[in-house]
Amino acid sequence: RQRFAERQVSSLRIALALDHVARSSGRVVAWLIVPMVASLCYEVVARYLFNAPTQWAYDMTFMLYGTFFMLGAAFTLQRKGHVRTDSLYANWPPRRQAVVDLSGHLLMLLPFAGVLLFVGWGYFVKAYVTNETFVSSSWQPITWPFKLAMPVTGLLLLIQGFSECLKCVHTLRTGQWPDVRTIATE
């Protein structure tokens with residue numbers, strides 16, 4: 001009985017450490033909103049006050065927004081911020097919630113994240129080696145920094161998905177969702 005409790009605490013400590021990765025990456029990625037908004041504001045002022053639109057602001061905005069959106073996915077998963085039918089889910093007992101969550105993580109999230117990591121890495125390497133640029137833009141910025149976000153997102157989602165699986169297994173065993181605030185002190 002005591003060994004079971006020790007394993008539970010250690011697996012939850014692992015989950016907590018993995019959660020730290022998502023929280024930290026989310027805090028860093030959140031700062032991408034600043035240059036994105038700054039480039040949009042610069043474009044609006046240049047275009048409408050000085051009748052001098054830029055060649056780069058639109059490209060900068062879509063690259064930063066795409067990166068912001070992708071790299072924030074693990075943070076959103078950790079915060080339970082993705083779409084779910086809460087009108088049903090909220091009324092279920094914790095074990096049923098854990099079965100649904102674990103099934104979703106194992107059947108959809110982890111395979112998707114693995115594919116994103118694998119395929120995204122190939123896109124990144126090709127873009128980096130060939131010094132690929134966006135040909136749809138007169139500015140023609142390089143694409144590899146933007147394409148690097150794909151495999152990094154896959155890795156972050158795999159890490160956070162594993163953490164969520166550990167929490168689901170804990171819930172299946174105990175019938176209660178873990179209180180991550182108390183794990184660090186046990």
Side-chain angles (χ1 to χ4, degrees), residues 7-36 60-86 88-90 92 94-129 132 134 142-174 176-181 183-184:
R7 277 195 310 231
Q8 286 294 104
V9 170
S10 68
S11 69
L12 290 177
R13 283 192 177 142
I14 292 169
L16 187 64
L18 296 175
D19 284 352
H20 181 71
V21 174
R23 280 193 309 276
S24 298
S25 68
R27 287 184 184 122
V28 169
V29 168
W31 285 100
L32 288 176
I33 202 80
V34 174
M36 187 183 85
M60 183 68 71
T61 301
F62 90 75
M63 286 188 290
L64 287 172
Y65 180 72
T67 304
F68 178 75
F69 178 81
M70 286 193 297
L71 293 177
F75 178 79
T76 305
L77 177 62
Q78 193 268 330
R79 298 294 179 155
K80 310 268 186 261
H82 289 292
V83 176
R84 120 170 61 220
T85 310
D86 283 335
L88 299 173
Y89 184 89
W92 291 344
R95 281 194 172 105
R96 182 181 294 169
Q97 291 174 345
V99 166
V100 170
D101 285 356
L102 187 59
S103 299
H105 297 325
L106 293 175
L107 297 175
M108 291 183 272
L109 173 69
L110 294 178
F112 167 78
V115 168
L116 185 60
L117 173 60
F118 180 75
V119 173
W121 181 255
Y123 285 141
F124 160 70
V125 168
K126 180 180 178 258
Y128 184 79
V129 168
E132 182 181 77
F134 286 105
I142 56 174
T143 63
W144 69 262
F146 175 65
K147 289 187 176 185
L148 179 60
M150 288 186 278
V152 171
T153 297
L155 179 62
L156 290 172
L157 282 171
L158 282 172
I159 290 168
Q160 190 57 41
F162 185 67
S163 171
E164 296 303 315
C165 288
L166 289 174
K167 293 176 211 169
C168 289
V169 168
H170 169 84
T171 303
L172 289 172
R173 289 180 175 163
T174 65
Q176 295 180 343
W177 284 106
D179 183 0
V180 292
R181 295 169 295 190
I183 298 167

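Values below: every heavy atom of this structure, side chains too, minus hydrogens, waters and symmetry copies.
In the displayed structure, Phe69 atom CZ is contacted under 6.0 Å by at most 12 heavy atoms of other residues, nucleotides or ligands.
Atom CG of residue Leu77 and atom CD of residue Gln160 lie 5.0 Å apart, to the nearest 0.5 angstrom. Here CG of Leu116 is found 10.5 Å from OH of Tyr123. Values are rounded to the nearest 0.5 Å. Interatomic distance, Leu148 CG to Phe124 CZ, rounded to the nearest 0.5 Å: 5.0 Å. Between Ile159 atom CD1 and Asp19 atom CG the span is 11.0 Å, to the nearest 0.5 Å. Separation of atoms OH (Tyr65) and CE (Met36) is listed at 7.5 Å; rounding is to 0.5 Å. In this structure, CG on Leu18 lies 10.5 Å from SG on Cys165, to the nearest 0.5 angstrom.
Pro35 has its side chain within reach of Leu64: a pair of non-hydrogen atoms, C-beta onward, lies under 4.5 Å apart. By the 4.5 Å heavy-atom criterion applied to side chains, Tyr128 and Pro145 are not counted as neighbours. Using a 4.5 Å cut-off on side-chain heavy atoms (C-beta onward), Lys147 and Met150 make contact.
Taking all atoms of both residues into account, the shortest heavy-atom contact from Leu110 to Leu157 is CD2-O, 4.4 Å. Between Leu71 and Ala149, the shortest heavy-atom distance links the atoms CD2-O, 3.8 Å. The minimum heavy-atom distance linking Trp121 with Pro151 is given by the pair N-CB, 3.7 Å. Of all non-hydrogen atoms in Glu132 and Thr143, the two that sit nearest each other are OE1-OG1, 2.7 Å. Of all heavy-atom pairs spanning Pro94 and Thr171, the tightest one is O-CG2, 3.4 Å. Shown here for Cys168 and Trp177, the closest heavy-atom pair between the two residues is SG-CH2, 3.9 Å.
Distance alone, capped at 3.5 Å, is enough to place a donor-acceptor pair between the Gln97 side chain and the Tyr89 backbone. A donor-acceptor pair is defined here as one N or O able to donate and one able to accept, closer than 3.5 Å; no such pair exists between the side chain of His105 and the backbone of Ser163.
Lys167 has no carboxylate O lying under 4.0 Å from a charged side-chain N of Asp101, or vice versa, which leaves the two without a salt bridge.
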Run the side-chain donor-acceptor check on residues 21-33: report pairs under 3.5 Å with partners two or more places apart or on a different chain.
unit_1 : atom_1 : unit_2 : atom_2 : d
Ser24  : OG     : His20  : O      : 2.9
Ser24  : OG     : His20  : NE2    : 3.3
Ser25  : OG     : Val21  : O      : 3.2
Ser25  : OG     : Ala22  : O      : 3.1

